[in-house]
Amino acid sequence: MLNKLLSLFFALTIVSTLTAHASGPLDLGYSVAIKNVTPEKMHYAKSVGISCIETSLAEFIDKQNLSFLSSDKEIVESLKAAKLAADEAGIKIWSIHMPFSNKIDLSLADEIARKKVVALHKKVIEFCTILQPEIILFHPSYFLGRNERELRKSQLIKSAKELNKVVKKQGFTMVIENMLGTDLLTADAKREYPLCRDVSETKEIMSKLPESIGSAIDFNHIKNPQELILAMGSRLKTVHVADGDAIKERHYFPCSGEGLNDWNAILLALDKVRYKGPFLYESHIKDVKDLKSCYDTLYKDFKENH
């Protein structure tokens, strides 16, 4: 009897191992401006296979003066209307993309300016409680001045730790997105590319942050995004799906025939790290209905090759 039980145990272990990375297709989402989170658009998105969205409060914010363009009451009413529209359509507000600009930068060297940025983000997070997202997504920095990278890393880490406490208190998950920058310096050599510009730097920064802060990977920002997916592993919490060349912000639609991404390698990497978030597009699209057909094509090709 014991031998039979042991044989059954080992058989199940083998099956489990063989199927560990045989996950099914992911939920689909896309990035949409808050003004477009309307009953009509959400019902249409749901009807063509979309289950979640990412949005932002960018339209309410003056990015240069770090102020709000609308009153608290107006913002609350707009967000409540958006939440109702999404809920009634059966669409989950998955993530909020936090505001960013040259002045809305978590890594600013000037301490007074950095604290103002953190304060702005805290106010935005308060508004986010209306939308009840899973994920709050931050850029690590804007472009940097020359030779200040180490200081800017330490400033980012300081800001991220402070904001993570606020995000966690609301029951959300904070994530940091990787940024564009194959080279260190921009073409004019006057600035450096933002933080988290490659696999090595992203790993370094993430290693200095609490484990509760996850990774967001933008497939348009890096050559061979599958390498960063594997490096982040279980810390990967959300993605931005687009094709590109890692030189400029292209945001090509994956099925447009443009861009350099190896989608089989990307889907395999997502499978290996057991990514459970949505396949969330941040791409130039003509019609939301194209998102599902594109993913179905990519996924079918992946399954046929693996």
Side-chain angles (χ1 to χ4, degrees), residues 97-98 100 102 105-109 114 135-164 173-252 259-275 277 280 282:
H97 197 310
M98 296 297 275
F100 64 95
N102 60 325
D105 182 337
L106 294 178
S107 76
L108 290 176
R114 185 194 69 81
I135 301 291
I136 306 289
L137 183 149
F138 296 82
H139 278 194
S141 77
Y142 197 71
F143 289 89
L144 310 182
R146 296 285 300 272
N147 303 313
E148 60 177 13
R149 204 164 196 90
E150 294 309 310
L151 171 61
R152 299 293 286 271
K153 288 177 187 177
S154 64
Q155 293 292 84
L156 165 64
I157 291 166
K158 189 189 304 183
S159 298
K161 287 180 176 179
E162 182 176 350
L163 285 167
N164 188 44
T173 297
M174 178 176 182
V175 298
I176 303 290
E177 182 178 357
N178 67 304
M179 300 305 292
L180 188 71
T182 304
D183 300 316
L184 176 65
L185 297 177
T186 56
D188 60 11
K190 293 181 180 179
R191 299 185 296 176
E192 292 184 8
Y193 280 105
L195 298 176
C196 295
R197 68 180 182 84
D198 59 16
V199 173
S200 176
E201 186 171 80
T202 303
K203 286 177 64 177
E204 175 200 349
I205 290 171
M206 293 301 291
S207 73
K208 297 176 181 178
L209 293 172
E211 284 290 328
S212 55
I213 298 179
S215 169
I217 298 181
D218 188 315
F219 302 158
N220 160 75
H221 284 168
I222 186 170
K223 285 184 179 178
N224 301 314
Q226 62 270 18
E227 295 176 4
L228 185 55
I229 292 169
L230 295 174
M232 290 296 99
S234 62
R235 289 190 81 167
L236 175 61
K237 302 301 180 185
T238 194
V239 298
H240 281 163
V241 176
D243 214 330
D245 56 16
I247 297 174
K248 291 184 179 180
E249 292 277 359
R250 305 295 189 187
H251 291 282
Y252 295 137
L260 303 174
N261 284 345
D262 180 339
W263 292 101
N264 270 336
I266 289 170
L267 290 174
L268 179 60
L270 291 173
D271 204 48
K272 283 184 175 179
V273 302
R274 302 183 186 181
Y275 173 69
L280 196 144
E282 192 185 47

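Because the structure is a prediction, the values reported are computed rather than measured. Computed over heavy atoms, backbone and side chain alike; hydrogens, waters and symmetry mates excluded.
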Exercise. For the side chain of Asp243 and the backbone of Tyr252, is there at least one donor-acceptor N/O pair under 3.5 Å apart?
Worked result: no
Exercise. Is there side-chain contact between His139 and Asp105, with heavy atoms separated by less than 4.5 Å?
Worked result: no
Problem set entry | Which atom of Pro225 lies closest to which atom of Ile266, heavy atoms considered | CG-CD1, 3.5 Å
Exercise. Side chain of Asn261, backbone of Ala242: donor and acceptor closer than 3.5 Å?
Worked result: yes
For this session: Say whether, by atom type as modelled, one donor and one acceptor occur between the side chain of Arg235 and the main chain of Met206 under 3.5 angstrom.
Result: yes
Exercise. Between Lys190 and Phe143, is a side-chain contact (heavy atoms from CB on, under 4.5 Å) present by the stated rule, with each step listed?
Worked result: CA-CA 10 Å; Lys190 293 181 180 179; Phe143 289 89; over 6 Å; no
Exercise. Minimum heavy-atom separation for Leu151 to Ala109, with atom names?
Worked result: CD2-CB, 3.6 Å
Exercise. So do Arg152 and Leu108 actually touch side chain to side chain, heavy atoms under 4.5 Å?
Worked result: yes
For this session: Working to the nearest 0.5 Å, report the span between CG of Leu280 and CZ of Phe219.
Result: 10.0 Å
Exercise. Just wondering, do Tyr193 and Thr186 contact through their side chains at under 4.5 Å, heavy atoms?
Worked result: yes
For this session: Using atom types as modelled and distance alone, determine if a side-chain donor or acceptor of Lys237 lies under 3.5 Å from a backbone N or O of Ser234.
Result: yes
For this session: Would you indicate whether the side-chain heavy atoms of Arg149 and Leu144 approach each other to under 4.5 Å?
Result: yes
Problem set entry | Separation between CG of Leu236 and CG of Leu230, rounded to the nearest 0.5 Å | 10.0 Å
Exercise. Measuring from Ile135:CD1 to Met174:CE, what's the distance to the nearest 0.5 Å?
Worked result: 11.5 Å
Problem set entry | Over 12 non-hydrogen atoms of neighbours within 6.0 angstrom of NZ in Lys203 | no
For this session: Starting from the C-alpha separation in whole Å, work towards a yes-or-no answer on side-chain contact (heavy atoms from CB on, under 4.5 Å) for Met98 and Ile136.
Result: CA-CA 7 Å; Met98 296 297 275; Ile136 306 289; 3.6 Å; yes
For this session: For residues Trp263 and Val241, report the shortest heavy-atom separation together with the two atoms involved.
Result: CH2-CG1, 3.8 Å
For this session: Measure the spacing between CG of Asn164 and OG1 of Thr173 and express it to the nearest 0.5 Å.
Result: 8.5 Å
Exercise. What residues, two or more places apart in sequence or in another chain, satisfy side chain to side chain contact (heavy atoms under 4.5 Å, CB included) together with Ala189?
Worked result: Arg146, Leu185
Problem set entry | Distance, nearest 0.5 Å, that separates CG of Leu270 from CD1 of Ile229 | 4.0 Å
Problem set entry | Minimum heavy-atom distance Leu195-Ser107, with the two atoms named | CD1-CB, 4.0 Å
Problem set entry | Set of residues satisfying salt bridge (Lys or Arg N to Asp or Glu O under 4.0 Å) with respect to Lys153, sequence neighbours excluded | Glu150, Glu201, Glu204
Exercise. Checking side chain to side chain contact (heavy atoms under 4.5 Å, CB included) against Glu177, which of Thr202, Asp218, Ile217 comes through?
Worked result: Asp218
For this session: Output the distance between atom CD1 (Ile205) and atom OG (Ser141), rounded to the nearest 0.5 Å.
Result: 7.5 Å
Exercise. Does a side-chain heavy-atom distance below 4.5 Å link Glu249 with Asn220?
Worked result: yes
For this session: Would you indicate whether the side-chain heavy atoms of Ile176 and Cys196 approach each other to under 4.5 Å?
Result: yes
Problem set entry | Pro210 vs Lys161 side-chain heavy atoms within contact, under 4.5 Å | yes
Problem set entry | Working for side-chain contact (heavy atoms from CB on, under 4.5 Å), residues Ser159 and Arg114 | CA-CA 8 Å; Ser159 298; Arg114 185 194 69 81; 2.8 Å; yes
Exercise. Tell me, do Asn178 and Met232 make a side-chain contact under 4.5 Å, heavy atoms counted?
Worked result: no
For this session: Just jot down the side chain to side chain contact (heavy atoms under 4.5 Å, CB included) partners of Asn224, sequence neighbours excluded, or say none.
Result: Gln226, Glu227
For this session: Taking His240 for its side chain and Ala216 for its backbone only, find out whether a donor-acceptor pair lies under 3.5 Å.
Result: no
